[in-house]
Amino acid sequence: MLASPGMLHHLLPPPHLAFAVPHAGPGTPHHALLPLSRLRGHLAPLAYASSRRVRRRASGTTVRASVGEVAPPAPGAVSEEASTSGPTKFSMKIPVGDRHILVETGHIGRQASASVMVTDGETIVYSSVCLADTPNDPSDFFPMSVHYQERLSAAGRTSGGFFKREGRAKDHEVLVCRLIDRPLRPTMPKGFYYETQILSWVFSYDGIHSPDCLAVTAAGIAMALSEVPNKQTIAGVRIGMVNDQFVVNPTTEQMEDSELDLVMAGTDSAILMIEGYCDFLTEEKLLQAVETGQVAIREICKAIDGLVQKCGKKKMVDAIDLPPPELYRHVEDISGDELVKALQIKEKILRRKALSALEGKVITILSEQGYVAKDEPSGASENLADIIEEEDEDEVIVDGEVDEGDVHIKPVSRKPPRQLFSEVDVKLVFKEVSSKFLRRRIVEGGKRSDGRSPHELRPINSQCRLLPRAHGSALFTRGETQALAVVTLGDYQMAQRIDNLVDTEESKSFYLQYTFPPSSVGEVGRIGAPNRREIGHGMLAERALEPILPPEEDFPYTIRVESTITESNGSSSMASVCGGCLALQDAGVPIKCPVAGIAMGLVLDTLEFGGDGMPLILSDITGSEDASGDMDFKVAGNENGISAFQMDIKVVGITLPIMEQALLQARDGRKHILIVSSDFAFHCLPQDEMSKCSPPPAKVLSLYAPLIHVMKVKPNKVNLIIGSGGKTIKSIIEETGVDAIDTGDDGTVKITARDLSSLEKSKTIIANLTMVPKVGEIYRNCEIKSIAPYGAFVEIAPGREVSRYQNLYFNFNIACIMHKGETPPLNDRCTWLIGLPRNECVVSTNKFLSNLFYRSFTIICFAYTMCRVYVTSVS
């Protein structure tokens with residue numbers, strides 16, 4: 001028997017009571033108490049789901065009487081398909097750019113809180129949202145995890161490795177997980193502690209429509225349909241720029257010609273996240289692209305709201321558990337003056353220790369000792385009813401404290417009750433109060449924790465040639481953030497292999513790896529595989545540096561950049577950009593221009609802290625300003641344009657004017673770091689920070705870097721270099737001592753060596769193997785290798801054998817010329833060539849000769865092992 005929500009309300013006890021949950025789940029003690037507010041959060045969705053199931057069964061018999069093919073829904077309209085044999089399916093077509101995406105829900109993944117399938121062309125992404133049955137302990141971080149996976153079967157492929165099953169997430173999949181997570185997290189309400197998991201899979205991929213931005217929209221739809229009480233609906237799109245025109249969700253073919261790759265997400269009224277890279281676009285162009293994307297996102301969100309009204313689940317608003325409101329006032333009363341002093345400490349470690357000690361003091365008072373508010377009534381003002389006690393008949397009267405009446409009046413001095421709060425709530429509130437005090441100091445006093453103004457950058461120091469054996473190295477320091485960048489040059493074998501569903505390239509010749517050890521922040525932690533943050537920051541720095549690299553034809557090296565963060569107090573990824581740029585120059589990489597990166601922050605509501613109400617943009621933010629602020633906007637590029645960017649928002653979106661102000665302020669910051677010169681060389685100008693690098697970049701190849709020479713041969717000559725089963729190329733490597741020889745189908749040959757002598761030797765051998773003799777050339781001291789019935793095989797150059805017979809092996813004619821003064825064989829069958837020295841005979845076998853001639857020719861030629869070769873024709 002199912003109980004209605006109203007009946008459950010009458011069955012529940014008063015709000016101040018708690019229930020004993022005997023079977024709350026595995027590992028839960030039988031005596032655990034569950035507050036009523038959270039219990040209602042559990043029962044309300046169950047009752048709601050029960051009533052929905054009844055309604056669906058009833059509607060399933062009336063909507064459609066016959067089973068047949070259902071027409072696709074009109075754009076923006078919700079189509080409901082019911083069947084007596086299956087679940088009700090809701091679908092909607094949403095216009096995006098020049099086409100539509102199809103959203104379907106209700107027919108798959110029904111046991112999840114919500115699940116959707118989103119289709120673009122023949123690319124299909126499935127996303128689901130699930131919640132835990134019980135809430136986690138309160139924390140300042142919403143317990144949400146995102147998993148995205150591209151099934152290779154979606155494109156009819158199987159992994160090329162030993163393991164054919166998809167396992168650990170690839171770097172590309174991790175980046176998409178971050179694209180999904182970052183816009184959703186700001187929409188989650190404080191006080192909701194149910195663990196939430198978002199799963200996204202690519203089930204079909206047509207090679208035309210990218211699934212990453214589709215996964216962002218699918219996750220946003222699933223979250224909107226679920227019980228999670230998120231504040232607003234989100235959607236995501238990709239913006240490209242082809243022929244100076246912006247394209248919404250461009251195809252993979254269009255992206256090959258695009259100058260911009262922008263992935264953004266937001267709500268119907270604001271922007272939550274942007275990330276991408278471009279070829280030094282101006283701030284104005286980037287803002288136009290964001291505006292184009294915001295229009296597309298607004299239309300998607302409006303359509304999603306219509307779908308939610310039709311089939312969305314009731315939100316678990318009752319499950320939100322916030323700390324008591326009076327706790328904020330108590331924390332401010334206890335820590336006010338000390339907190340202000342602690343936030344003024346400039347050194348990060350000392351400030352952190354002071355805040356930690358103050359937090360411990362506040363926790364002790366509010367969680368252990370109890371707190372008496374300053375405005376609590378004292379004992380002197382107690383009510384008369386509290387101090388009047390009835391006198392017992394057997395009471396002993398002392399010191400004449402007797403009234404003639406039957407009432408005994410005794411002045412009792414009662415202390416106000418002490419209030420106790422949970423330690424978790426105190427920690428949460430203390431963090432929020434600290435952020436509030438920091439923001440107030442910035443807005444009211446115009447000074448940040450380290451004493452800087454909002455537009456001021458931290459001191460910068462850099463040096464190159466730190467590591468003598470590394471190909472290139474640089475140490476970049478900005479305030480308390482420091483990055484050690486190391487560049488390693490290598491051949492094609494050092495390239496990073498790619499096995500993704502979307503990427504068609506088998507390898508990439510430039511990659512940056514970012515490492516953030518716990519020692520960089522003075523902490524102890526685990527060391528292992530790179531986490532999602534490290535992968536994301538490394539990709540951002542890699543995209544910022546990639547546009548400045550020379551073409552592979554001019555610099556045929558594989559380039560690996562390692563950025564190890566040795567100190568961190570904000571903006572470590574942008575320090576990796578600056579340090580990586582210096583290290584590339586120190587390694588001798590001929591970059592097109594120098595680039596730098598800077599992180600921008602934001603205090604959105606300045607009116608709350610005594611400001612004028614205008615948003616306050618902060619340049620070069622620190623870690624505390626990142627944690628307490630409303631935005632983290634990283635921008636990299638040169639003085640003329642942007643090469644990479646990434647923005648995360650802590651509030652529910654910002655507007656375009658705020659982003660414009662942040663971009664312009666970031667450009668001023670980059671100009672302060674970079675050098676403005678016509679030849680892009682570093683000059684020691686006093687206003688340029690990176691020019692103060694001491695020692696400066698070497699700008700020449702290191703002695704320990706490999707030498708790579710690129711030569712071109714005719715494509716049909718490549719097989720001569722490789723040989724049968726690779727025999728020839730292996731023998732060249734062994735004979736000359738080079739590291740590797742790489743051949744391409746287009747005739748490109750790359751020789752990698754450690755010294756110049758071995759490189760030159762291998763170049764000579766390959767040139768001899770692939771040379772094309774010219775008519776009239778004479779090759780002296782040629783060795784006769786063998787004799788066949790149809791002619792002789794002669795080595796005209798080391799490793800280069802030719803045959804006299806036309807169209808045999810090498811397709812040109814030769815004449816075996818005997819030495820001067822020697823008796824040529826069978827003079828009556830020889831042909832004299834015009835222009836040759838006298839007494840030299842040419843053995844010609846253009847005519848079919850008898851076996852007697854071949855036998856005679858063989859005998860005579862073995863007597864003459866050396867000869868000269870004269871080229872008569874080439875075919």
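Everything numeric in this text was worked out from a predicted model, so none of it was measured.
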Side chains of [X] and [Y]: closer than 4.5 Å at any heavy-atom pair?
X    : Y    : answer
F141 : R185 : yes
E534 : Q513 : no
R351 : S624 : yes
V228 : F192 : yes
K313 : L225 : no
P454 : V603 : no
D450 : K348 : no
V263 : I274 : no

Rounded to the nearest 0.5 Å, how far does [atom2] of [Y] lie from [atom1] of [X]?
X    : Y    : atom1 : atom2 : answer
K650 : M631 : NZ    : CE    : 10.0 Å
L199 : C130 : CG    : SG    : 7.0 Å
D626 : I621 : CG    : CD1   : 4.5 Å
L131 : Y194 : CG    : OH    : 9.0 Å
L355 : K431 : CG    : NZ    : 12.0 Å
F90  : E104 : CZ    : CD    : 13.0 Å

Can a side-chain donor-acceptor contact be found between [Y] and [X] if the only test is distance below 3.5 angstrom?
X    : Y    : answer
E150 : Y148 : yes
D305 : T233 : yes
S115 : S128 : no
S520 : E567 : no

Should the pair [X]-[Y] be classified as a salt bridge under the 4.0 Å nitrogen-to-oxygen rule?
X    : Y    : value
D648 : R182 : yes
K436 : E332 : yes
K427 : D140 : no
R448 : E625 : yes

Step-by-step side-chain contact (heavy atoms from CB on, under 4.5 Å) determination, I198 to S200: CA-CA 7 Å; I198 302 174; S200 294; 4.3 Å; yes
Compare every heavy atom of [Y] with every heavy atom of [X], then report the nearest pair and how far apart it is.
X    : Y    : value
M273 : L179 : CE-O, 3.5 Å
L322 : K190 : CD2-O, 3.1 Å
T515 : P517 : O-CD, 3.5 Å
R458 : G570 : NH2-O, 3.5 Å
V125 : A218 : CG1-CB, 4.3 Å
L272 : V651 : CD2-O, 3.7 Å

Okay, side chain of [X], backbone of [Y]: is any donor-acceptor separation there less than 3.5 Å?
X    : Y    : result
N569 : T622 : no
S519 : G522 : no
T364 : G360 : yes

Full working for salt bridge (charged side-chain N to carboxylate O under 4.0 Å, His left out) between K361 and E338: CA-CA 11 Å; K361 174 185 174 182; E338 295 183 54; 2.5 Å; yes
Flag if over 12 foreign heavy atoms under 6.0 Å of NZ, K341: no
More than 12 heavy atoms of other groups within 6.0 Å of K170 NZ: yes
Stepwise side-chain contact (heavy atoms from CB on, under 4.5 Å) test for T196 and V129: CA-CA 7 Å; T196 305; V129 175; 3.9 Å; yes
Stepwise ring-ring contact (aromatic ring centres under 6.0 Å, His included) test for H330 and F421: CA-CA 10 Å; H330 297 339; F421 301 91; 5.7 Å; yes
Cation-pi check, R533 onto F516 ring (under 6.0 Å, within 45° of axis): yes
R151 to Y126, cation-pi by 6.0 Å centre distance and 45° axis angle: no
Contact list for residues 520-529, test salt bridge (charged side-chain N to carboxylate O under 4.0 Å, His left out), sequence neighbours left out: R352-E523
Test log, rule side-chain contact (heavy atoms from CB on, under 4.5 Å), inputs V308 and I221: CA-CA 8 Å; V308 171; I221 298 174; over 6 Å; no
Derivation of the side-chain contact (heavy atoms from CB on, under 4.5 Å) call for M223 and L184: CA-CA 9 Å; M223 188 66 74; L184 281 175; 4.2 Å; yes
ring-ring contact (aromatic ring centres under 6.0 Å, His included) involving Y514 - partner list, sequence neighbours excluded: H537
